[in-house]
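A, B, ... follow the sequence lines: proteins, then strands. Residue 1 opens every chain.
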2 protein chains.
Amino acid sequence: MTTPQLPQRSTDGTVGKALEILDQVAEFGRPVRFAELLANSPHPKATLYRLLQTLTNQGMLRFDEQSQAYAPGLRLVRLAHAAWRQSSLAPLARPHLDALSETVGETIHLAQLDQGQVLYVDKRNAQTPIEMFSQAGKIGPGYCTGVGKAMIAHLDADGREDAIRRQAYLRHTPQTLSTEAEFRIELEAIRAEGVAFDREEHEPGIICIAAPILSANGRVMGAVSITSSLQRRSLESLDTLRPLLLKTANDISESAESWQFPT
Amino acid sequence: MTTPQLPQRSTDGTVGKALEILDQVAEFGRPVRFAELLANSPHPKATLYRLLQTLTNQGMLRFDEQSQAYAPGLRLVRLAHAAWRQSSLAPLARPHLDALSETVGETIHLAQLDQGQVLYVDKRNAQTPIEMFSQAGKIGPGYCTGVGKAMIAHLDADGREDAIRRQAYLRHTPQTLSTEAEFRIELEAIRAEGVAFDREEHEPGIICIAAPILSANGRVMGAVSITSSLQRRSLESLDTLRPLLLKTANDISESAESWQFPT
DNA sequence: AAAGATGTTTCATTATTTGGAACCAAGCCA
DNA sequence: TGGCTTGGTTCCAAATAATGAAACATCTTT
């Protein structure tokens, strides 16, 4: 008899397991050895082994001979290009972000929600390009970023509860909201206000104002934010950009509505 | 008895089938309806249906209610970020591309080979800085691009044959090499020469010079190219950049060699 | 109303995945 | 040296999940 009554994550089929493993490898952020994966895996050795083989010769993983370790494969990059173009707001939002960037001269982020986490899909740098590695595809926490809070606050009840449950509530800075209760209160405030602020909750000295991008029927599609540092601006100063930010969010939403797929 | 003697692509297991479907959806370049996929699918209705369901609720695909169609999902973007950072030459090559770009002021491409096709992983051009997945992740043909030819020419015999077989040999321009025979001759010439030229083979008026990036043991890791237009430069003029290009390719290779993975 | 598309569900059959255990190959240590 | 540990690969009978023909819903057209 095998694994009788454990809560056991609802993985759909073999494919689900394989994709879960893919995620695990990606999360490591560096090539991982078989044994390391095995340690964090619910699967028996042989199963994990075969799944890794499959993923590898499909190009979803790459096996680095030299370090004897697995890393996410280039096939993903190819697939992601298609995903980014078709399923992200980035292509549509592009002109609006450009305009906003030009006007405010601060760092702009465009994000969407992916399994309760913030997924950045586009970015514009402040004039001085302190080029961090390209942002698209990067993920961030939902409970302590402006875009994350803005999106979660505007989800419907079910989605919101789900997202609230998925947060890690780690204290990144002294200002981080690190309990579910605090987070809930903040979400209420954001819903009332229409925009979210990040008050050094993720990184010390970094603040931002974020607005949700809502579809005509009120569903959350994503969020835009303007980020700055306390050295350059105060929260109040950021707040003066609110009308511009809201207009941008609205423009993006309208572009999305009027979009028709080609035959 | 099922599917008795067809050549039938060697798909490893259910996971393989699922990923193949993922590719199909991505290739469409626009949301696809169930029926369209079914038409191009070797699988029976029910099978395709279930596979699509699985992929969708795994976030690898997105089902657009409005258009009743499937598109690649955002989970891919997240995964690809990890892949790009760990499995592409882009992070390592970045400073070298920056330097080359600064010096020559022309469009630069960094590409790798993915299943016989050219996969662009980074780019520099005069105007726009990098926007991750708008350029990275894009694919191109191997037989009529500078980077493609440079890489394929330097593969080992097996890999080269495989790549030669995978090409489509479509005539994009009057200059396109559109038979396998012509392609083979060109590859020989490139191997002798050490660099490849694109003589308006992919797009009219567009030319480029490309060099392979080889590891210490001679394996092809990728290629760099400098692209220009006939309005601005001649092939001879591009050729004067050859030493710079080769130096860049070599620098990237050396950076890669000296790279050690963190524990 | 009937006939066509298109998408979804069922269920007995079949084939694939599973995972315990054996096996192999290096290190390591005493 | 020889035995012990650690990391990785292969086997194979049993358990499970995938399969696909066909029936069933819907929603359009005629």
Q | Residue mapping more 5' on DNA chain D - nearest nucleotide basis, A:G13 or A:R33 | A | A:R33

Q: Nearest-nucleotide wise, let me know which of A:V15 and A:A46 is further upstream toward the 5' end of DNA chain D.
A: A:A46

Between [N] ([atom2]) and [X] ([atom1]): distance, integer Å:
X     : N      : atom1 : atom2 : answer
A:L37 : D:dT9  : CG    : P     : 12 Å
A:D12 : D:dT16 : CG    : P     : 18 Å
B:L55 : D:dA18 : CG    : P     : 12 Å

Are the side chain of [X] and the backbone of [Y] linked by a donor-acceptor contact shorter than 3.5 Å?
X      : Y      : value
A:S87  : B:P72  : yes
A:H81  : A:V77  : no
A:E257 : A:A216 : yes

Any side-chain N or O of [X] under 4.0 Å from OP1/OP2 of [N]?
X     : N      : answer
A:K45 : D:dG7  : no
B:R50 : C:dT8  : no
A:Y49 : D:dT10 : yes
B:T47 : D:dA18 : no
B:T14 : C:dT17 : yes

If you restrict it to nitrogen or oxygen atoms, what contacts under 3.5 Å exist between nucleotides 26-30 of chain D and the protein, and what is each distance?
none

Q: Look at atom CZ of B:R166 and say whether more than 12 heavy atoms of other residues, nucleotides or ligands are closer to it than 6.0 Å.
A: yes

Q: Tell me which of A:P44 and B:Y70 sits closer to the 5' end of DNA chain C, going by the nucleotide each one is nearest to.
A: B:Y70

Q) Relative to the ring of B:F183, is the ring of B:Y169 parallel (under 30°), tilted (30 to 60°) or perpendicular (over 60°)? A) perpendicular

Q: Classify the ring geometry between B:Y143 and B:H172 as parallel (under 30°), tilted (30 to 60°) or perpendicular (over 60°).
A: tilted

Q | Non-hydrogen side-chain atoms of A:E36 and A:F28 separated by less than 4.5 Å | A | yes

